[in-house]
A.B. asks: 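Got a structure here, written out as C-alpha cells. Questions coming.
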Amino acid sequence: MAEQVMTPPGAMKTRERSSEVVLHLQNLTKKYGERLAVNNLSLDIHRGDIFGFLGPNGAGKTTTIRMLFGLITPTSGNVTILGKTMGTARAQVLPRVGALIETPALYLYMSGRDNLRAVAASLGGVPNARIDAVLDIVGLRGRQKDRVRTYSLGMKQRLGVAIALLQDPEILVLDEPANGLDPAGIVEIRDLMHNLSAEGKTVFISSHILSEVQQICTRVAIISEGKLVTETTIEELLKGEGKFRVQVENTQDALFLIKQETWGKDATLDEHNAIITYAPDNRGRDLNLFLVKAGFAPDSLTEATQDLEKIFLELTGSKGGEIK
Amino acid sequence: MSSVTLTTAEQARLHRAKPSFIGLVGGEIFKSTRMLSTWLTFALMLCFVAAPNIILLLIQVPFAENFKLGNNPKALDAFYNLLETDFLMLRVFIGFFLIFLTANVIGREYQLGTIRILLARGVGRLQLLLAKVSAVVLIGLITFLIWLLVLSGLMLLTPLVKSGNLNALQALNGDFWHNVELYLLTIFISMGATMLLTVAICAVGRSLALGLTVSALFFPIDNIAMAMMRIVFLITKNDFWKNITAYFLGPNLNQMASVAITTHNIENAGAPTLVDVDFNHTMLVTLVYAVIFVVVAIALTWRRDVKE
C-alpha cells in the first residue's frame with residue numbers, strides 16, 4: 001500500500017475548481033404537514049470540492065442528506081448524482097457515494113472488522129485487502145477484533161468513515177464527521193479530506209462546527225430553516241467589505257487622523273485595538289502611503305476579514321449556543 | 001488518517017461492485033451468525049424441544065411399554081404419542097426461534113440505524129426486505145432440519161431404550177408416514193405465518209423490542225381472546241361470538257394438523273376455534289393473514305421514510 005503525501009491544509013483552496021458537477025440538488029423540498037423542513041434548496045457541488053454544508057441544529061441539513069440517499073422521499077425537487085437522476089438510477093449511482101449519516105450506525109455486537117465484512121458482503125465485490133486498507137486509513141487496525149460496543153465515540157466515528165470508504169467512493173458525504181473526535185483525530189480527518197480531494201474525490205461535509213469547516217472546506221453553503229442563505233467560497237464569505245486592518249503604535253492619534261478623511265470617516269477599532277478602515281481609492285498601498293507620510297508607519301496592514309461565527313449568526317439569525 | 005492509493009485494476013473492481021441479492025442474503029446470514037444471542041436461543045429452544053423425549057427416556061410411562069410389543073397396533077399408538085408431543089414442541093419453539101430471529105434481522109437493523117448504511121449504498125428497500133426474509137427462511141429451515149434430526153434420533157432411541165431393540169419400528173405403516181408428512185406441512189405453514197407476522201410487526205414498529213414483544217404475545221392473546229369469546233357467547237347466546245373465532249389465526253394453526261390428519265386422532269396443539277372447521281378453511285384463513293402481513297410489510301417498507 002502506498003501512502004500519499006499529505007496535502008497541506010489550505011492547498012486545495014488555491015486549486016482551480018473543476019467544472020464537472022457531481023452532485024446537483026434542484027429545488028429540493030421536504031414538507032412535514034405544514035412545516036417546511038427543506039425549502040426549495042438548490043446546490044451544485046463540483047468534482048474535487050470539499051463542500052461545507054452549514055446550518056444551526058434543525059436547519060434541515062440531515063433531512064437534505066437523507067433525501068440525497070433516498071432515505072427520505074422529497075416532497076418535490078430532484079437530486080442528480082454523477083449526472084444521473086436519483087429516482088431512476090439510484091442503484092447504479094449510490095455505490096459510488098460513501099456516506100456517514102448522523103451518529104455512526106454500527107453493529108455493536110460485532111467487531112470493527114466484522115462490521116466492515118458485513119457491509120462488504122452486502123455490497124459485494126469488496127476484497128479483504130480493501131478492508132485492511134480502510135482500517136489502516138482510519139487507524140483502527142489495532143482494535144479491529146474488539147467489539148464495537150467497547151469503542152469510544154471517536155473510534156465509532158472512524159469506523160463509520162471506514163465503512164463510507166469501503167468502495168473507494170467518488171463522492172463522500174459526511175454528516176458531522178468531527179463529532180466525538182479528539183483534536184488529533186480532527187486533524188487526521190482534515191488531512192484525510194484533503195487527500196481525498198487531491199485524488200479528485202468530492203467531499204460533502206455537514207457540520208455546525210465552524211472552525212472545522214473554515215479549515216477543511218473550499219466552499220460552503222449555509223442553510224437556515226430549510227432555506228439556502230448563501231453558497232460561496234470560504235474566502236468570499238470571510239472577505240471584508242473592502243476594509244483594511246491596520247496595526248500602528250499610536251492607535252488613537254492615527255484613528256483621529258484617518259477619520260478626518262472622507263474615505264476614513266467610518267474607521268473603527270477592533271477588539272485587538274487595530275484600526276478597521278476603508279482606504280483611499282480602495283487601495284491598500286495608498287493607505288500605507290498616507291499613514292507613512294503622516295508619521296504612523298504601520299506595523300501591519302492587511303485586508304480585514306470577517307469572523308465566520310459572526311457571519312453565520314448574522315445569516316442564520318441563530319443564538320450563539322447552537323454553534324461551536 | 002491517510003489515504004491509500006489503489007491500483008487501477010483494484011479501483012475498477014471496487015467501482016464495478018454493486019449490491020447483489022445473493023450478497024445481501026449472505027450479509028444477513030453473516031450478521032445473524034455473529035450474534036451470540038442467535039446461538040444461545042438456538043441451543044435453549046432445542047433443549048425445550050428435546051426435553052420431553054429425554055425425560056421419557058429417563059422415566060417410566062405406560063404407553064412406552066408398548067414398544068416392547070414389536071409390530072403391534074399399540075406400538076404404533078405409542079409412536080403417535082411420541083410424534084404428537086415432539087411435533088407440538090417443535091412447532092411451538094421453532095415459532096419462538098423464528099420470532100426472535102426475524103425481529104433481530106429486521107427490527108434490530110432499524111433500531112441500530114444500520115439500515116441507512118445499506119440503503120445509502122443503493123440497496124433497494126424491498127430488495128433488502130426480501131434478502132432479510134430469505135436469510136430468515138434459510139436459517140429457519142436449517143434450524144428446523146437440525147432439530148428434526150435430533151428429534152428423529154431421540155424417537156428412534158426411545159423404543160431402543162424401552163424395549164432393547166427396534167422391532168417396534170415395523171409397526172410404522174404407510175399411513176403413519178403420510179401423517180408425518182401432513183404434520184410437517186402444517187408446521188411449515190405455521191412457521192411461515194409466524195415469520196410473516198413478525199416481519200409485518202417489525203415493518204410497523206421498526207424496532208427489535210416491539211417486534212419481539214408484540215409477535216411473541218400475538219398467539220397467547222389470540223388464545224386468550226378465544227376464551228373471552230366463549231364467555232361472551234355463554235352470556236349472550238349469540239352464535240356470532242363463536243363463529244368469529246373461525247377467523248382467528250392462532251386457533252386455526254392450533255388445529256390445522258388435527259383436521260389435516262383424518263386417519264388418526266391427533267390432539268389440537270392449543271385452543272381450537274369454537275366452531276368446527278376443516279383443513280381447507282384453516283389453510284384459507286392462514287393464507288389471508290399471510291397476504292395481509294405481506295402487504296403491510298411491503299407497503300410500509302416501500303413507502304415510509306427512513307428516519308432511523
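Just so we're on the same page: letters track the sequence lines, and every chain starts at 1.
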A.B. asks: Which atoms of Gln127(B) come close to chain A, meaning under 4.5 Å heavy atom to heavy atom: side chain ones, backbone ones, both, or neither?
C.D. replies: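 Contact with chain A: none, neither part.
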A.B. asks: Check the pair Lys30(A) / Asp305(B) against salt bridge (Lys or Arg N to Asp or Glu O under 4.0 Å), numbers first and verdict last.
C.D. replies: CA-CA 11 Å; Lys30(A) 183 64 187 182; Asp305(B) 286 343; 3.0 Å; yes
A.B. asks: Using 4.0 Å as the upper bound for N to carboxylate O, is an ion pair formed by Glu170(A) and Lys201(A)?
C.D. replies: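 Looking at Lys201(A) and Glu170(A), the cut-off is not met.
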A.B. asks: If I measure from the heavy atoms of chain B, does Arg90(A) come under 4.5 Å with its side chain, its backbone, both, or neither?
C.D. replies: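 Answer is both: backbone and side chain atoms of Arg90(A) are under 4.5 Å from chain B.
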A.B. asks: For chain B, find which of Asn115(A), Ile101(A), Val119(A) contributes the most heavy-atom pairs closer than 4.5 angstrom.
C.D. replies: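 Between Asn115(A), Ile101(A), Val119(A), the count favours Ile101(A).
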A.B. asks: Report yes if the distance between the aromatic ring centroids of Trp147(B) and Phe93(B) is under 6.0 Å, otherwise no.
C.D. replies: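 Not under 6.0 Å, so no.
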A.B. asks: Please classify the contact between Thr63(A) and chain B as side chain, backbone, both or neither, with a heavy-atom cut-off of under 4.5 Å.
C.D. replies: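 Neither part.
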A.B. asks: In terms of heavy-atom proximity below 4.5 Å to chain A, should Ile117(B) be classed as side chain, backbone, both, or neither?
C.D. replies: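 Side chain only.
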A.B. asks: Is it true that a side-chain atom of Ser206(A) and a backbone atom of Lys61(A) form a donor plus acceptor pair closer than 3.5 Å?
C.D. replies: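 Between the backbone of Lys61(A) and the side chain of Ser206(A) there is no qualifying donor-acceptor contact (under 3.5 Å).
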A.B. asks: Checking heavy atoms, do the side chain of Leu165(A), its backbone, both or neither come under 4.5 Å from chain B?
C.D. replies: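 The answer is the backbone of Leu165(A).
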A.B. asks: Sort out for me which of Arg121(B), Lys307(B), Arg304(B), Arg303(B) touches chain A most, counting heavy-atom pairs under 4.5 Å.
C.D. replies: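 The residue among Arg121(B), Lys307(B), Arg304(B), Arg303(B) with the greatest pair count is Arg121(B).
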A.B. asks: Between Phe188(B) and Phe144(B), does the ring centre distance come in under 6.0 Å?
C.D. replies: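 Aromatic pair counts; centres sit under 6.0 Å.
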A.B. asks: Examine distances only and state if a side-chain atom of Thr218(A) and a backbone atom of Ile50(A) form a donor-acceptor pair shorter than 3.5 Å.
C.D. replies: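 Answer holds: yes.
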A.B. asks: Select one option (side chain, backbone, both, neither) describing which atoms of Ala89(A) are under 4.5 Å from chain B's heavy atoms.
C.D. replies: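 When you check distances to chain B, no heavy atom of Ala89(A) falls under 4.5 Å.
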A.B. asks: Would Asn223(B) and Asn254(B) count as a side chain to side chain donor-acceptor pair (under 3.5 Å) here? Give the steps.
C.D. replies: CA-CA 10 Å; Asn223(B) 283 302; Asn254(B) 287 343; 3.1 Å; yes
A.B. asks: Please flag which part of Ser20(B) lies under 4.5 Å from any non-hydrogen atom of chain A: side chain, backbone, both or neither.
C.D. replies: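 Just its backbone gets close to chain A.
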A.B. asks: So which of Arg96(A), Glu102(A), Met86(A), Arg117(A) has the largest heavy-atom pair count under 4.5 angstrom toward chain B?
C.D. replies: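 So the answer, after comparing Arg96(A), Glu102(A), Met86(A), Arg117(A), is Arg117(A).
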A.B. asks: Looking at Pro19(B), Gly113(B), Ala120(B), Gly23(B), which one has more heavy-atom pairs under 4.5 Å with chain A than the rest?
C.D. replies: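 With the most close heavy-atom pairs to chain A, the winner is Ala120(B).
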A.B. asks: Mark yes when over 12 heavy atoms from residues, nucleotides or ligands other than Phe30(B) sit less than 6.0 Å from its CZ; otherwise mark no.
C.D. replies: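 It does: Phe30(B) CZ has more than 12 such atoms within range.
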A.B. asks: Tell me, side chain or backbone of Val126(A) under 4.5 Å from chain B's heavy atoms, or both, or neither?
C.D. replies: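 Its backbone and side chain both get close to chain B.
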